[in-house]
A.B. asks: 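Would you mind keeping the following structure in view while I ask a few things?
Naming: A, B, ... by sequence-line order, numbering from 1 per chain. Since the model is a prediction, treat every value here as computed from it, not as a measurement.
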Amino acid sequence: MFARVSEADFSQQALYDELCAHSLASQSGAVVTFTGRVRDYNAEGAIDGIELEYYPGMTESALQQLLEQATARFELTNAGIVHRVGRLPNQAQIVWVGTCAAHRQDAFNGASYIMDMLKQSVPIWKKEWAGDTANWVAAKGTDSEAAMRWLTEDKDD
Amino acid sequence: MKVKFFAQIREITGTESLEMVVPADATIEGVRQALMAKGSTWHEALSANVLCACNQTLCDGTRAVSDQDEVAFFPPVTGG
């Protein structure tokens with residue numbers, strides 16, 4: 001399991017290889033990876049990249065906790081996450097999530113859960129640049145709803 | 001205690017972190033109220049929808065805190 005915050009870009013192949021090198025991952029029939037990238041627009045129009053701020057220490061432990069929750073809930077055989085911070089241009093890679101499981105549904109659900117809960121509970125804040133102007137991104141209701149979906153299922157269990 | 005601020009709250013107050021002494025029966029909400037009383041920019045920054053953490057774990061305003069704790073205030077998160 002690995003949870004990292006990094007200014008540097010990442011190689012999807014290197015992260016995939018690291019994820020699958022884990023001994024339990026050798027029993028996995030399914031590997032799902034997700035990569036989030038910077039869009040070149042928002043609701044107001046074109047943007048020129050983003051900037052991400054984080055809480056050193058808390059962000060890493062929140063990411064680690066999220067992986068542990070997903071691993072327990074979906075019987076993952078391994079999971080990893082890398083989130084970049086700092087100034088990122090359009091199209092840059094922002095976040096990578098990888099999950100391994102015996103079967104595909106758990107791997108898909110695990111990756112989806114990690115991304116939904118990340119957007120709700122991990123201390124990272126996004127600013128969008130347009131020319132010389134930067135605006136903080138407001139938290140989206142649709143992100144809360146996505147996280148609530150998992151939390152509501154918790155109650156139903 | 002050490003108090004940290006992030007994102008909009010850090011920018012509006014112009015403060016990344018500060019040290020303050022709190023009473024024995026202090027709560028996070030009490031800390032927030034004391035900071036808001038520092039002036040209009042502090043009031044503006046901390047009166048909106050604010051999340052808080054104690055010792056790097058999310059918590060609510062009723063959480064008891066002491067001078068040994070690290071407290072943080074920040075807006076709803078927007079990573080990913």
A.B. asks: Would you name the heavy atoms of Ala139(A) and Val77(B) that are closest together and state the gap between them?
C.D. replies: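 In terms of heavy atoms, the two residues are closest at CB-O, 4.2 Å.
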A.B. asks: Quick check on the hydrophobic clustering: are Phe74(B) and Leu52(A) connected, directly or via other members, by side-chain heavy-atom contacts under 4.5 Å?
C.D. replies: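 Different clusters: Phe74(B) never reaches Leu52(A) through Ile, Leu, Val, Met, Phe, Trp or Tyr contacts under 4.5 Å.
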A.B. asks: Check whether Val5(A) and Leu15(A) end up in the same hydrophobic cluster, where Ile, Leu, Val, Met, Phe, Trp and Tyr are linked by side-chain heavy atoms less than 4.5 Å apart.
C.D. replies: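 Shared cluster, no.
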A.B. asks: Are Val38(A) and Ile81(A) linked, directly or through other ILVMFWY residues, by side chains that come within less than 4.5 angstrom of each other?
C.D. replies: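 The answer is yes; both residues are in one hydrophobic cluster.
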A.B. asks: Has Lys126(A) got a side-chain atom pairing as donor or acceptor with Gly80(B)'s backbone, closer than 3.5 angstrom?
C.D. replies: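 Yes, the answer is positive, given that a donor and an acceptor are paired below the 3.5 Å cut-off.
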A.B. asks: Identify the residue among Asn55(B), Leu58(B), Thr57(B) that makes a side chain to side chain contact (heavy atoms under 4.5 Å, CB included) with Met58(A).
C.D. replies: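 So, applying the side chain to side chain contact (heavy atoms under 4.5 Å, CB included) to Met58(A) and each of Asn55(B), Leu58(B), Thr57(B), only Leu58(B) qualifies.
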A.B. asks: Start with the C-alpha distance between Glu11(B) and Lys127(A), add both sets of side-chain angles, then the distance that settles side-chain contact (heavy atoms from CB on, under 4.5 Å), and finish with yes or no.
C.D. replies: CA-CA 12 Å; Glu11(B) 281 190 350; Lys127(A) 201 181 221 184; 2.5 Å; yes
A.B. asks: Just one of Tyr54(A), Trp125(A), Trp136(A) clears the ring pair (Phe, Tyr, Trp, His ring centres under 6.0 Å) bar with Phe6(B), so which one?
C.D. replies: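 Answer after filtering Tyr54(A), Trp125(A), Trp136(A): Trp125(A).
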A.B. asks: Tell me, for Gln65(A) versus chain B, whether the close heavy atoms (under 4.5 Å) come from the side chain, the backbone, both or neither.
C.D. replies: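 Neither part, no heavy atoms under 4.5 Å.
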A.B. asks: More than 12 foreign heavy atoms under 6.0 Å from CD of Glu75(A): is that the case here?
C.D. replies: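 12 or below, so no.
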A.B. asks: Give a yes or no on whether Met115(A) and Ile94(A) share a hydrophobic cluster (residues Ile, Leu, Val, Met, Phe, Trp, Tyr; joining criterion: side-chain heavy atoms under 4.5 Å apart).
C.D. replies: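 Yes; tracing contacts between hydrophobic side chains, which count when under 4.5 Å, links both residues.
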A.B. asks: Name the region of Ala62(A), side chain, backbone, both or neither, that has any atom closer than 4.5 Å to a heavy atom of chain B.
C.D. replies: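 No part of Ala62(A) comes within 4.5 Å of chain B.
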A.B. asks: Group every Ile, Leu, Val, Met, Phe, Trp and Tyr by side-chain heavy-atom contacts under 4.5 Å, then state whether Phe2(A) and Phe74(A) land in the same group.
C.D. replies: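 Shared cluster, no.
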A.B. asks: Under 4.5 Å, counting heavy-atom pairs only, tell me which of Val95(A), Thr59(A), Val137(A) racks up the most with chain B.
C.D. replies: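 Most heavy-atom pairs within the cutoff with chain B belong to Val137(A).
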